[in-house]
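The next block holds one structure in the form of structure tokens; read it before the comments.
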Amino acid sequence: MKHESVLTEALAARRADPSPLALFGGGGDGAALPGHDRRALLIERRNRLFELAQGRIVVLIIAFVAAFALIGVRMAAIPLQAEEEGVHDERGEVLVASRAEITDRKGRILATNILTNALYVQPRKLLEPERVARELAAIFPDLDAGRLARRFASGARFIWLKRRLSPVQQQAVLDIGDPGLQFAPREMRFYPNGAVAAHVLGGAGFGREGVRAAEIVGLAGIEKALDGLLSDPARRGAPVALSLDLGVQAEVERLLADAMALYGAKGAGAVVMEAATGEILALASLPDFDPNDRASAAKAALKARPGEGPTFNRPVQGLYELGSVFKPFVAAEALEEGIATPDTMIDTKGPLKWGRFTIRDFHDYGPRLTLTDVIVKSSNIGAARLAQKIGPERQRAFLARFGLLEPLSVELPEAEGVKPLLPERWSELSAMTIAYGHGISVTQLHLAAAYAAIANGGRKVVPTLVHRQTHSPGPRVMSAGTARAVRAMLRGVVTRGTARMADVPGWPVAGKTGTADKPKPGGGYYDGKTLATFAGFFPADDPRYVIVVSLDEPSIEAAGEARRSAGWTAAPTAGAIVERIAPLLGLWPSPEGRSPAVE
Amino acid sequence: MRVLLHLLAILAVMGFAWWAYGENYRTRAVREEVARLENRIAETREEIAQLRAEWAFLNRPERLRALADLNFPFLGLVSPGADAFAPPSVIPFREEEPDGGDGRPEEPVFVAGPGRPFLIGRQLLPAGVLSGDDISGLKGEVGR
């Protein structure tokens, strides 16, 4: 207030005396005053103005200091803040690896993403709609020129034409050269190996779509089962390694296709599994499809009969009565419960009548056989007699320990709800037929997991398709001694029993054949339609891998008659597969099979 | 003295201003460089992903098998059976080398079993050891 009053006074003085010096007391308004008074007045005024200026300077200084301090603080804060916000642009990683690659256990690519373009039209920007429609129809055979022209003329602002273009198609569209044709970048799922492992991979399609990008979603198989993991941005596109081995998978599929053609089978399935861990090395189902074009496979599947289309995953979805491949379980239980030893004689006198039901053997094996020979020669009567001694409750509990009575938890949506078909009432007759694999339907993968328990010394395995570094051993289902004894019997099946054709030099195979008559939809069984299965493991002396091979309705003319049994069909197929994949798996052949000294 | 101090202060302010100005622009330049590099990294990653996809496509089992079949007259590649394995002790290393070497051929590649003679070029080689130099004349390209 003081400054103001002084200022007002000074201004008033100036108005009275407009000379420039008036403000500093140099004016003539004091001319009437005596000399000394005037001088004192001038000094006083000057001092007042000096004080005024000083005050202003202090205010200015404070303002400047405050302003510079503020700027300094901001300058110090900005870099810190920027660091937190992250100026870095991670576009590269996010865009390219938006969906993780799928690899096999050795890192070979099974599914990856490639960049492509989708094609859309903005009809209002089209210069020559008629010509564009004509030329597009020439590039894409599934588009019709007349219909396209009508769509262009319909007044729509935006029309999606193609979800993905090949590079050749894209160039052809560019050559049309019309500004109304637009490309939208698309990342597309690509399966470089074509149909290899098609049923495991499943396939992917587009979910939500925009002009600049589209979301890839899994439609089936592992792509669907692991959809969340594959598209999880936190993983930054790190590849997911499956337990499959690409080489083994491809060769299993090739040999299975050869066998299917040779035996005129309608379909085939095969599983190769690590006995100790349950990791699946190969899972093949024929007929197959190309996951790059799942849509047309799905169309074909609609036309096929249930359980026979190309997208049907036989080893995982197909519930079949598998036949004699179940006999080792009854033998194992008899050993485990102390009912028999491998050398105990079993009554095999036939036919075995039970109520209205009669159980027969393929050949007459005489009045009795040792337990080992019941398995080696595959006697239904012997197996049924053992099941009678064991009883239905104990049999059911024993099979449950292998996981044979529950749906599998393997990482495939197709496996969900595939529950083994069990008898409604597990009667003594059920027990007898289940002993030789009838009256119970499980998948090949169930069977492979159960055989893995025999092969690995008696521990349950849970089949898995994801490669892991460590596995915890499963619960014990039988003693190591029982497992060893059953393995010896199964080796006998291959050396002198029904599966002799599965034997290959160098890699001793052990296993069991199963020829099951196919059930008719209305009840009863077909005559001459069989499902031939071989289930086993190799090398027999130190089992590492389990193999299950199934052929649907195989038949071959051999030794003068049509052969449909697994010994003539599935067993040699399994042998051929073992001979081919054992070297791929890095198994050194046993000495008797190796090359003799080279001269 | 005071004038000198003021002069120094003014010079210091000007100096700092100059420095801050330069620093500001250097920061901007570095940021642009980072953005450019990140773009290039993204592009290169994209390229690597495409090349990996192409590599996997070219190495698909079906094509490798077709190439092996096409080149059978030169390579004679067959699936190895048990007889294609042998311990090193059975390999007959040549006793004398013309150049007085240590008697071992360079890089033994295949041991052909007795039942599997190898056909190299037009020459049918008896079972034995082939060195890497013998495997030449690989030809053929299988269309996609």
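Proteins get letters first, then strands, A, B, ... in listed order; numbering begins at 1 in each.
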Exercise for review: Let me know if B:Q50 has heavy atoms under 4.5 Å from chain A in its side chain, its backbone, both or neither.
Suggested key: side chain
Study note, to complete from the structure: Nearest heavy-atom contact between A:P583 and B:P80 is CG-O, 3.6 Å
**Study point:** Candidate list A:N113, A:L115, A:I114, test side chain to side chain contact (heavy atoms under 4.5 Å, CB included), partner B:E46, passing option
**Key:** A:L115
Exercise for review: Heavy-atom distances under 4.5 Å only: say whether A:R580 touches chain B with side chain, backbone, both or neither.
Suggested key: side chain
Review point. Is it true that A:R254 and B:E62 make a salt bridge, defined as a side-chain N closer than 4.0 Å to a carboxylate O?
Key: no
Practice item. State the OG-CD distance between B:S79 and A:E251, to the nearest 0.5 angstrom. Key: 6.0 Å
Review point. Which atoms of A:E101 come close to chain B, meaning under 4.5 Å heavy atom to heavy atom: side chain ones, backbone ones, both, or neither?
Key: side chain
Review point. Do other residues, nucleotides or ligands put more than 12 heavy atoms under 6.0 Å from A:R105 CZ?
Key: yes
Practice item. Under the side-chain contact (heavy atoms from CB on, under 4.5 Å) rule, what do A:T112 and B:R52 come out as? Steps first, then yes or no, please. Key: CA-CA 9 Å; A:T112 183; B:R52 269 169 59 84; over 6 Å; no
**Study point:** chain A contact via B:R65 - side chain, backbone, both or neither, heavy atoms under 4.5 Å
**Key:** side chain
Exercise for review: Please determine, among A:N193, A:V504, A:L246, the option with the most heavy-atom pairs under 4.5 Å with chain B.
Suggested key: A:N193
Review point. Roughly how far, to the nearest 0.5 Å, is CZ of B:R60 from CZ of A:R108?
Key: 15.5 Å
Check your understanding: Would one find more than 12 heavy atoms of other residues, nucleotides or ligands at under 6.0 Å from atom CZ of B:R40?
Key -> no
**Study point:** From CZ (B:F85) to CH2 (A:W507), nearest 0.5 Å
**Key:** 5.0 Å
Review point. Closest approach of A:P192 and B:A53, non-hydrogen atoms and distance?
Key: CB-O, 4.2 Å
Review point. Using non-hydrogen atoms only, which part of A:E253 is less than 4.5 Å away from chain B: side chain, backbone, both, or neither?
Key: neither
